[in-house]
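Structure first, commentary second.
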2 protein chains.
Amino acid sequence: MPRSYPQAKSRLEAALQALRENHSRVTAPRRAILKLLTHEHGPFTVEEVHRRIKNAGDVVTVYRSLAAMEEIRLVRRCDFGDGAYRYEFNMGEHHHHHIVCRGCRSVKTLDFCVADGLERMARQLGYANVSHALEIFGLCRRCQKKPLEMAGA
Amino acid sequence: MPRSYPQAKSRLEAALQALRENHSRVTAPRRAILKLLTHEHGPFTVEEVHRRIKNAGDVVTVYRSLAAMEEIRLVRRCDFGDGAYRYEFNMGEHHHHHIVCRGCRSVKTLDFCVADGLERMARQLGYANVSHALEIFGLCRRCQKKPLEMAGA
DNA sequence: TATTTAATTGCAACTTACTTGCATTATGAA
DNA sequence: TTCATAATGCAAGTAAGTTGCAATTAAATA
Ligand SMILES: [Mn+2]
Ligand SMILES: [Mn+2]
Ligand SMILES: [Zn+2]
Ligand SMILES: [Zn+2]
């Protein structure tokens with residue numbers, strides 16, 4: 001059971017407010033999606049969000065809602081390279097990176113970034129609008145003990 | 001016109017040899033694929049490889065060939081997050097990273113890595129088989145001058 | 001060189017994550 | 001309450017990539 005965030009409720013309220021301020025509307029599916037994202041550790045795939053929520057509506061709604069939330073910077077999308085994007089709540093907080101288990105897809109957060117220097121370098125080379133994607137992959141302890149097929153290695 | 005690599009011919013020969021040593025077979029499609037990858041700067045999508053090569057056979061063959069070559073470490077796959085994997089020749093060389101233009105998908109190579117420390121950290125946390133993915137994104141100078149739709153921003 | 005084995009290919013069908021069009025519903029501003 | 005328009009649901013469409021299988025062919029071996 002993932003532990004819920006402290007301040008989850010106020011984060012939820014702030015997120016709903018941000019929706020309103022962006023000419024978006026607060027609907028039952030969006031409320032449910034944001035409740036999950038603010039209360040539990042992600043990131044989550046669209047399918048996971050949809051599965052875990054009552055009132056999330058159609059999957060298409062989850063796709064569209066998360067895309068809209070990304071636009072207005074309520075959530076971040078990340079790519080673990082396994083064919084499904086994942087979303088996590090991030091409302092203006094500093095970005096971070098993950099160690100992702102290739103077996104169970106569990107995630108450890110790395111709360112700092114080593115790519116600032118690279119971004120600066122890219123800007124010096126003339127690039128605008130610079131960003132980066134960084135994920136660490138490995139097999140977690142638990143998955144190392146399981147037979148390989150289960151661990152997905 | 002991309003400039004061709006020095007030593008391209010011997011790299012190609014070495015690659016074909018590596019295929020043989022791995023109980024793989026040297027076929028016309030594979031020869032053509034490796035000729036492209038050793039002679040021109042990548043990385044390339046499967047579609048690009050297929051389009052630019054006579055004798056590359058069916059696209060499925062390109063998919064399967066590149067997958068096989070990745071298995072035996074002749075090529076590396078990278079993910080620019082735009083829906084199509086890309087492959088570049090890399091036969092035991094040190095890995096590197098890229099600055100990728102979000103407009104034209106042109107690539108600048110960064111011949112060093114800043115994630116070694118993170119990998120070490122992951123191993124200390126108990127992860128095995130650690131690796132990472134890192135790409136820098138931006139809009140290159142040329143694309144900054146184009147209208148936004150063209151630049152894909 | 002001829003034989004044999006197993007890797008590779010081509011084709012068509014399939015999967016999967018995600019997108020789009022459109023008619024209907026419902027939010028929230030006026 | 002009215003009303004403009006944002007969001008939704010459903011169905012259909014994309015697009016990258018995978019898979020099954022029969023036919024082909026590289027290359028090991030006789
Ligand atoms: Mn995170
Ligand atoms: Mn490269
Ligand atoms: Zn694990
Ligand atoms: Zn560009």
Side-chain angles (χ1 to χ4, degrees), chain A residues 13 15-35 42-72 74-87 105 149 152, chain B residues 12-13 15-35 42-72 74-87 105 152:
Chain A
E13 286 309 320
L16 297 177
Q17 191 51 38
L19 276 181
R20 291 187 194 100
E21 284 163 10
N22 281 276
H23 316 282
S24 292
R25 287 173 186 178
V26 174
T27 62
R30 292 179 175 193
R31 212 182 275 278
I33 292 167
L34 282 170
K35 184 171 180 192
F44 301 103
T45 64
V46 168
E47 191 273 325
E48 284 164 355
V49 171
H50 181 250
R51 178 161 35 80
R52 300 185 47 162
I53 284 184
K54 6 174 185 295
N55 288 349
D58 199 279
V59 211
V60 186
T61 295
V62 180
Y63 276 109
R64 288 195 269 225
S65 297
L66 288 171
M69 291 171 190
E70 194 193 9
E71 290 255 315
I72 64 177
L74 285 186
V75 304
R76 260 175 215 278
R77 193 177 79 173
C78 48
D79 183 355
F80 290 179
D82 63 349
Y85 291 123
R86 283 170 172 76
Y87 293 86
R105 306 286 161 191
E149 329 87 64
Chain B
L12 174 55
E13 286 310 319
L16 296 177
Q17 191 51 38
L19 277 181
R20 293 189 192 97
E21 283 163 11
N22 281 277
H23 315 283
S24 291
R25 288 172 186 179
V26 174
T27 62
R30 291 178 174 194
R31 213 182 275 277
I33 292 168
L34 283 170
K35 185 171 177 193
F44 302 103
T45 64
V46 169
E47 191 273 325
E48 284 163 354
V49 171
H50 181 251
R51 178 161 36 81
R52 301 184 46 161
I53 284 184
K54 8 173 186 292
N55 289 350
D58 200 277
V59 211
V60 186
T61 296
V62 180
Y63 276 109
R64 288 195 270 225
S65 297
L66 288 170
M69 292 172 190
E70 195 193 10
E71 289 255 315
I72 65 176
L74 285 186
V75 304
R76 262 175 214 280
R77 192 176 81 172
C78 45
D79 184 354
F80 290 178
D82 63 349
Y85 292 123
R86 283 171 173 77
Y87 293 87
R105 304 290 161 189

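Throughout, protein chains are lettered first and strands after them, A, B, ... in sequence-line order, and every chain is numbered starting at 1.
- Smallest separation of non-hydrogen atoms from I33(B) and V62(B): CD1-CA, 4.1 Å.
- Separating the CD atom of E70(A) from the P atom of dC18(C) is a distance of 12 Å, rounded to the nearest angstrom.
- Once rounded to the nearest 0.5 Å, the distance linking CG of L16(B) with CZ of R30(B) reads 10.5 Å.
- Contacts between residues 21-29 of chain B and DNA chain C, counted as heavy-atom distances below 4.0 Å, involve H23(B), S24(B), R25(B), T27(B), P29(B).
- In this structure, Y85(B) and V46(B) have side chains that are not in contact, with every pair of non-hydrogen atoms separated by 4.5 Å or more.
- Nucleotide dG10(C) holds its P atom 11 Å from the CZ atom of R30(B), rounded to whole Å.
- Y63(B) places its OH atom 15 Å from the C1' atom of dA12(C), with the value rounded to the nearest Å.
- Closest approach of P29(A) to T61(A), counting heavy atoms only: CB-CG2, 3.8 Å.
- Taking the side chain to side chain donor-acceptor pair (under 3.5 Å) definition, one finds that R20(B) meets it with Q17(B), sequence neighbours left out.
- Over its length, the helix from dT1(C)-dA30(D) to dA30(C)-dT1(D) turns its helix axis by 40°, as judged from the five terminal pairs at each end, rounded to 10°.
- With the nearest nucleotide of DNA chain D identified for both V46(B) and R64(B), V46(B) has the one nearer the 5' end.
- N22(B) has its side chain out of reach of L74(B): every pair of non-hydrogen atoms, C-beta onward, lies at least 4.5 Å apart.
- With rounding to the nearest 0.5 Å, the separation of CZ in R64(B) from CG in D58(B) is 8.0 Å.
- Atom CZ in R31(B) sits roughly 12 Å away from atom P in dT9(C) (whole-Å rounding).
- Heavy-atom distances under 4.0 Å link DNA chain D to no residue of residues 79-86 of chain A.
- As rounded to whole Å, 12 Å separates atom P of dT8(C) from atom CG of L34(B).
- By the side-chain contact (heavy atoms from CB on, under 4.5 Å) test, E47(A) is found to be paired with T45(A), R51(A), residues two or more places apart in sequence or in another chain being considered.
- Of the inter-residue distances, the one linking L34(B) atom CG with E13(B) atom CD reads 10.5 Å to the nearest 0.5 angstrom.
- In plain terms, the two heavy atoms of P43(A) and F80(A) that are nearest each other are CG-CZ, 3.7 Å.
- The line from CZ of R105(A) to CG of D82(A) is 4.0 Å long, rounded to the nearest 0.5 Å.
- When heavy atoms are screened at a 4.0 angstrom cut-off, S65(B) is found touching the sugar-phosphate backbone but no base atom.
- Atom P of nucleotide dT9(C) and atom NE2 of H50(B) are separated by 12 Å, given to the nearest angstrom.
- Bracketed by its first and final contacts, the part of DNA chain D lying under 4.0 Å from non-hydrogen atoms of chain B reaches from dA16(D) to dA27(D) in 5' to 3' order.
- With rounding to the nearest 0.5 angstrom, the NE2 atom of H50(A) is 11.5 Å from the CG atom of L66(A).
- Using a 4.5 Å cut-off on side-chain heavy atoms (C-beta onward), R86(B) and F44(B) make no contact.
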